[in-house]
Amino acid sequence: MAELTGTITYREAVAEGIAREMRRDSSVVCLGEDIGAAGGVFKTTVGLFEEFGPRRVWDTPISEQAIVGAAMGAAMTGMRPVAEIMFSDFLACCWDYLANEIPKVRYMTGGQVTVPLVVRTANGGGLGFGAQHSQATENWAFTVPGLKIAAPATPSDVIGLMASAIRSEDPVVFFEHKGLFASKGPAAPADHVIPLGEAAIVRPGRDVTVVALASTVPVSRAAAEVLAPEGIAVEVVDLRCLVPLDMRTVLESVAKTSRLLIVEENPYQGGWGGTVASIVADEGFEFLDAPIRRVAAACVPLPFADRLEDEVIPTVDKVADAVRRLAVF
Amino acid sequence: MAELTGTITYREAVAEGIAREMRRDSSVVCLGEDIGAAGGVFKTTVGLFEEFGPRRVWDTPISEQAIVGAAMGAAMTGMRPVAEIMFSDFLACCWDYLANEIPKVRYMTGGQVTVPLVVRTANGGGLGFGAQHSQATENWAFTVPGLKIAAPATPSDVIGLMASAIRSEDPVVFFEHKGLFASKGPAAPADHVIPLGEAAIVRPGRDVTVVALASTVPVSRAAAEVLAPEGIAVEVVDLRCLVPLDMRTVLESVAKTSRLLIVEENPYQGGWGGTVASIVADEGFEFLDAPIRRVAAACVPLPFADRLEDEVIPTVDKVADAVRRLAVF
Amino acid sequence: MDTTTREPVHAGPAAELLDLYQQLLVIRRTEKAAHDLFLAGLVKGTTHLAAGQEAVAVGAAAALRPDDYVFATYRGHHHAIARGATPEECLAELMSKATGVCKAKGGSMHLTKASHNMLGSYAIVGAHLPMAAGAAWSAQLRGSGQVAVAFFGDGATNIGAFHEALNLAAVWKLPVIFVCENNLYMEYTPIASVTAVKDPAAGRAPAYGIPAEIIDGNDVLTVWDAMRAAVERARNGNGPTVIEARTYRHYGHSRTDPGKYRPEAEVREWMARDPLTVARAHLRRLGLSDAAVEQAEAAAERIVAEAIDAAKQAPEADPAEAFTDVWADGGAAWRS
Amino acid sequence: MDTTTREPVHAGPAAELLDLYQQLLVIRRTEKAAHDLFLAGLVKGTTHLAAGQEAVAVGAAAALRPDDYVFATYRGHHHAIARGATPEECLAELMSKATGVCKAKGGSMHLTKASHNMLGSYAIVGAHLPMAAGAAWSAQLRGSGQVAVAFFGDGATNIGAFHEALNLAAVWKLPVIFVCENNLYMEYTPIASVTAVKDPAAGRAPAYGIPAEIIDGNDVLTVWDAMRAAVERARNGNGPTVIEARTYRHYGHSRTDPGKYRPEAEVREWMARDPLTVARAHLRRLGLSDAAVEQAEAAAERIVAEAIDAAKQAPEADPAEAFTDVWADGGAAWRS
Ligand SMILES: Cc1ncc(C[n+]2csc(CCOP(=O)(O)OP(=O)(O)O)c2C)c(N)n1
Ligand SMILES: Cc1ncc(C[n+]2csc(CCOP(=O)(O)OP(=O)(O)O)c2C)c(N)n1
Ligand SMILES: [Mg+2]
Ligand SMILES: [Mg+2]
């Protein structure tokens, strides 16, 4: 199949990113629920079954532990499995593998084995799917040393990070944001590879640094647009990965702006922004001219109704307000 | 059975705290693996089976999901289950219940149900149990809005917080620290109840605030002892609970000392101290005369060998060094 | 395999049956309304409709005491209504209205009517089976004589929680009934393609020493009978039962799924065995007058039409509700 | 139930059996050493000894190819050694020495010998069954003809991962063998008190259409035979097998547990059926000279004695090792 070019959706980029790696490496195999003939519940694996067939793309029972556990066993024995967990909330159903097995086996065997696998999952809210299908759970994975974590915000980053994730000798949890699936952007050039752990300054600015990830990148960029005419120049840093965490880029930006806002979709309590904030409050303390602020999800489950959900998750207004208050501090 | 008095171990305090509540409320029932006739793998339920019998103290199969899921169903229907998950690492085996079911069902039903249960678990390292039996996982629970979290450091706090946890109409995850089981302290007086969400200043001091929890409380106190002769007066705040999080006490202390060190056993990445630090870097920014520092576990799995484990988890030396550097900042 | 197959009974009091028939109709029309309202953009998020599976809910509910416990899945509208939730409060929930049965905080996947011991609809496959075992354990401890029922899909039989729940229920001899609504498919994939045994639920029951039955889930009287027997076993302290009810969904899996992955012949065959058709045949056999039947149909039509109007009229959910009901005290404060 | 019970065979080449007997002895003496070193304070943390269960490991290993995969539990010393880990590197691991088979990062519960495809010992009950299925899937995909074996305890049969792994293995016809070491107890609680069927593993196999066998796990030849048959099925593409090996542990569950919860008569009965005694009877039957047997015993004694000395002499683990081996590049950096 030919590589996608031109403008594509984030959704198409997922299948494209996987397909490119499956073409170059026959040890890459996919498994998950409804990912085969059905093309995935979010249509993020469309075309893979047709192109690569049933020996490379496997439909599974509703057995999250077996899916991820089998992927682990296969990864330890010469394959590069790409396992799909349909919604990131369901990572809880196979959490033992993500928390206790996959990230620890190399270490606890003194480096005897490696686990080159990818666990892909649809993450985040904003679609009215309610408390058990809307969570941003990247912070769950962030509590576990030994997992690499990618969470792209654009189609070309999906392709570039997917390449790195699948080629990685280390396990990678790959968060695809449900709210971004329909978003569009330029397709990535052939062999587009973005190293894990490189943040991107997606909008330069001198006044306030806004650190964002996945869904909060477009939210933060939109807020920056709103603030520009007000004379507030926002620098938006897209972390792109949580592990490795590119604090160098964040600290350099704060050294310039002296003001930091972190925008997360996961809840404030235990959110990844706490760790980012604590590093800046330590290593970047002398840069700061204002408090470090976080716009994160409220500490409640995700409600179903749109108007309620908007109250809970980050929005352009909330980000713009927070930046304004920091700018005048 | 008579209440325990005099000096008791933390281990004895667990069984005592449960027994006191079982005596006053017949709807309190215990379930877990080997908790009955065997008295628990850590001997933290010794005497309960003998006093209350098999209708109140239930041995279960090795089925963490069934244990916690059944506790949830029972809690929604008039009982007050106290479920034991033997090691806190195994919370990963029933994480769906802790992350997606128990903390959300009240909210997503619009307040139609309550889930008054306690999930007790042996937490933490320092005993050479290796990567899968040594983790401090209180930060996993901290990522989930809707769970209350207690983690006592002394026998009398175990009893006082156990009373509140079992009487709570809300679900409580109760972390008992393996490294503290053998530690001793005065037994609590009759009807000793410590409200959830009240930190304790366990050592007053004017120079540096050290925020600790569970195992890091004695570590921090010992460090304070070391530093006193050096003329550094450390104020040690024992959070005792992560939810509700008593930031008032922390902020008041930092307002006084202007210096903050957070000592956590969970890993630095995604540790609860990040959230505490971010709140102080926001609401307490003007109090600070120095960077906020965190002594947390290194971002690696827990190694088996003592000498390696000591490299990873907080120690008196690491805390003392960190305080010294803050004091002279 | 310790599995019996029950012939559709041909007895059953006509008046009661007419009442069940009306309930089937009310659910069918409510599901149709949910579908249309979703297409009209008045229902957000997602829906998983149970049209075609109504007989399982209505037949089972007929065998239960008002204080028995029911746990359902995201495909749970039929169970909520069969256990006393009104079409109005259900549709209002789907339409994000303040009058929703869960205050518009749950949505279609989480319909709950706790005042009738319908203790929730859960959207993580299999998660509610241990909960139902726990509610049954609670009933056993309190000596209340209540039973608990977990309704779940065929796909749930391959997840760990299913295994743990059935083993615990058997070992503790809990008064719980595990009702599998086997509609042949998970989302878009046939259950047969990912399951090691032919009957995903009944075929597993022997591994727990639990008696199992495979029944026609489209015949409300058959379901009623099978449940009556299982409920009796449970109340008499004889432990759990597995019922595998063969049924079929009339709509796709969710939202706008047209269900194209299902062979036409299969769809046609099942549509011919629509639970409404089956029930009507029973009514005719029992000699109910067409007038009586039409009356029930008219009543159902009126109930649901009024429910749709009322739900449309109802006020939107109050955004402030986002910050209530986390804790038992009604609040959401996580700091003190 | 689709379960056969195998009579202890009475054939088997004498020379090979003598070799197996020596392996049994090496493991027994290593476990005794681990026990004594723990009491002496030279082994920290915890140990779960397999003394009494050696025949399962040795008999199974005899039926495997060097490149077949083995996954074990925290009670896994016997499997590590049977698959080629040396007593010295195992004891060094337990004693926190730099020469430990896992560089003293794993400890007793995680002995691993990846160079021999012994892919680890896992301490979360049941977690490694899906991994073994995955290794078998990998072998199937690569057409390597390898099989994977998961050894687990009776208690593991009640956890969800067991259910999911067996179903997936059956549906995908994976070359994997699930060997349950049924030693009648979990930690301190009898498996019979928490399990719905008499045979915790074999009694579940039919729920996945997997053939199962219950065997005498204390007879190394019986285990060898049963495994040979299961391995052949797997290599021929006929899918998984469940083997439930009845056995007994000689020590308590872990550390210093005296195992007082086990009835004396039961302990006596099983001690009389010590796998070493059973193997010796076979040797006698096969006419092996006492001299040959004593030679094997002396060899085993020497091997383990030397291992203990070497492990004691070995240097302590280097604290710097705490910060290696998180990532494939050997490092532990989580920031860039
Ligand atoms: C643990 C888990 N895995 C996957 C899903 C996604 N999912 C929702 S419904 C469904 C299919 C369930 O099929 P079945 O149990 O037969 O119920 P049905 O939808 O047919 O009523 C899946 C896979 C989920 N909700 N939970
Ligand atoms: C998921 C999980 N739950 C509980 C434990 C604690 N635990 C360790 S060994 C054990 C007993 C296991 O019994 P069995 O499977 O029969 O193996 P055996 O110890 O008899 O070899 C338990 C409950 C664990 N390690 N993992
Ligand atoms: Mg189905
Ligand atoms: Mg056992």
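Residue numbers start from 1 in every chain, and the chains themselves are labelled A, B, ... in the order their sequence lines are given, proteins ahead of strands.
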| Interface moiety of B:F129 toward chain D, non-hydrogen atoms closer than 4.5 Å |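 For B:F129, heavy atoms of backbone and side chain both lie under 4.5 Å from chain D.
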
| field | chain D contact via B:L127 - side chain, backbone, both or neither, heavy atoms under 4.5 Å | value |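 Just its backbone gets close to chain D.
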
From [X] atom [atom1] to [Y] atom [atom2], the distance as rounded to the nearest 0.5 Å:
X	Y	atom1	atom2	value
D:C90	D:I81	SG	CD1	4.5 Å
D:I210	D:I243	CD1	CD1	12.0 Å
B:C94	B:I67	SG	CD1	7.5 Å

| request: Specify which of D:G155, D:A127, D:A332 makes the most heavy-atom pairs with chain B at under 4.5 Å. | output: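 Looking at each of D:G155, D:A127, D:A332 in turn, D:G155 comes out on top.
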
| task | Could you check which of D:G107, D:P319, D:A156, D:G106 has the highest count of heavy-atom pairs closer than 4.5 Å to chain B? | result |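 That would be D:P319.
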
| Is it true that the side chains of B:W272 and B:E138 contain a donor and an acceptor less than 3.5 Å apart? |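 Yes, because at least one side-chain N or O of B:W272 sits under 3.5 Å from a partner of the opposite role on B:E138.
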
| B:E265 versus B:S215, side-chain donor and acceptor atoms under 3.5 Å |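 Yes, because at least one side-chain N or O of B:S215 sits under 3.5 Å from a partner of the opposite role on B:E265.
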
| request: Return the option, out of B:L302, B:V41, B:V312, with the maximum number of heavy-atom pairs under 4.5 Å with chain D. | output: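 Heavy-atom pairs under 4.5 Å are most numerous for B:V41.
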
| task | Please report the shortest heavy-atom distance between B:A296 and B:P267, naming the atom on each side. | result |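 Reported closest heavy-atom pair: CB-C, 4.1 Å.
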
May I have a table of the donor-acceptor pairs connecting chain B and chain D at distances under 3.5 Å?
{"from": "B:D34", "atom 1": "OD1", "to": "D:Y188", "atom 2": "N", "distance (Å)": "3.1"}
{"from": "B:D34", "atom 1": "OD1", "to": "D:T189", "atom 2": "N", "distance (Å)": "3.3"}
{"from": "B:D34", "atom 1": "OD1", "to": "D:T189", "atom 2": "OG1", "distance (Å)": "2.5"}
{"from": "B:S63", "atom 1": "OG", "to": "D:N158", "atom 2": "O", "distance (Å)": "2.7"}
{"from": "B:Q132", "atom 1": "OE1", "to": "D:A123", "atom 2": "N", "distance (Å)": "2.8"}
{"from": "B:F304", "atom 1": "N", "to": "D:K105", "atom 2": "O", "distance (Å)": "3.1"}
{"from": "B:A305", "atom 1": "N", "to": "D:A104", "atom 2": "O", "distance (Å)": "3.1"}
{"from": "B:D306", "atom 1": "OD2", "to": "D:K44", "atom 2": "NZ", "distance (Å)": "3.2"}
{"from": "B:R307", "atom 1": "NH1", "to": "D:A317", "atom 2": "O", "distance (Å)": "2.8"}

Could you give the side-chain donor-acceptor pairs of residues 9-16 of chain B under 3.5 Å, partners two or more places apart or in another chain?
{"from": "B:T9", "atom 1": "OG1", "to": "B:E12", "atom 2": "N", "distance (Å)": "2.9"}
{"from": "B:T9", "atom 1": "OG1", "to": "B:E12", "atom 2": "OE1", "distance (Å)": "3.3"}
{"from": "B:Y10", "atom 1": "OH", "to": "B:P152", "atom 2": "O", "distance (Å)": "2.8"}
{"from": "B:Y10", "atom 1": "OH", "to": "B:H177", "atom 2": "N", "distance (Å)": "3.1"}
{"from": "B:R11", "atom 1": "NH1", "to": "B:F42", "atom 2": "O", "distance (Å)": "2.7"}
{"from": "B:E12", "atom 1": "OE1", "to": "B:T9", "atom 2": "N", "distance (Å)": "2.9"}
{"from": "B:E16", "atom 1": "OE2", "to": "B:L4", "atom 2": "N", "distance (Å)": "3.0"}
{"from": "B:E16", "atom 1": "OE2", "to": "B:R20", "atom 2": "NE", "distance (Å)": "2.7"}
{"from": "B:E16", "atom 1": "OE2", "to": "B:R20", "atom 2": "NH2", "distance (Å)": "3.3"}

| Is the backbone N or O of B:M22 less than 3.5 Å from a side-chain atom of B:R56, with the two atoms forming a donor-acceptor pair by type? |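 Yes: the side chain of B:R56 pairs with the backbone of B:M22.
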
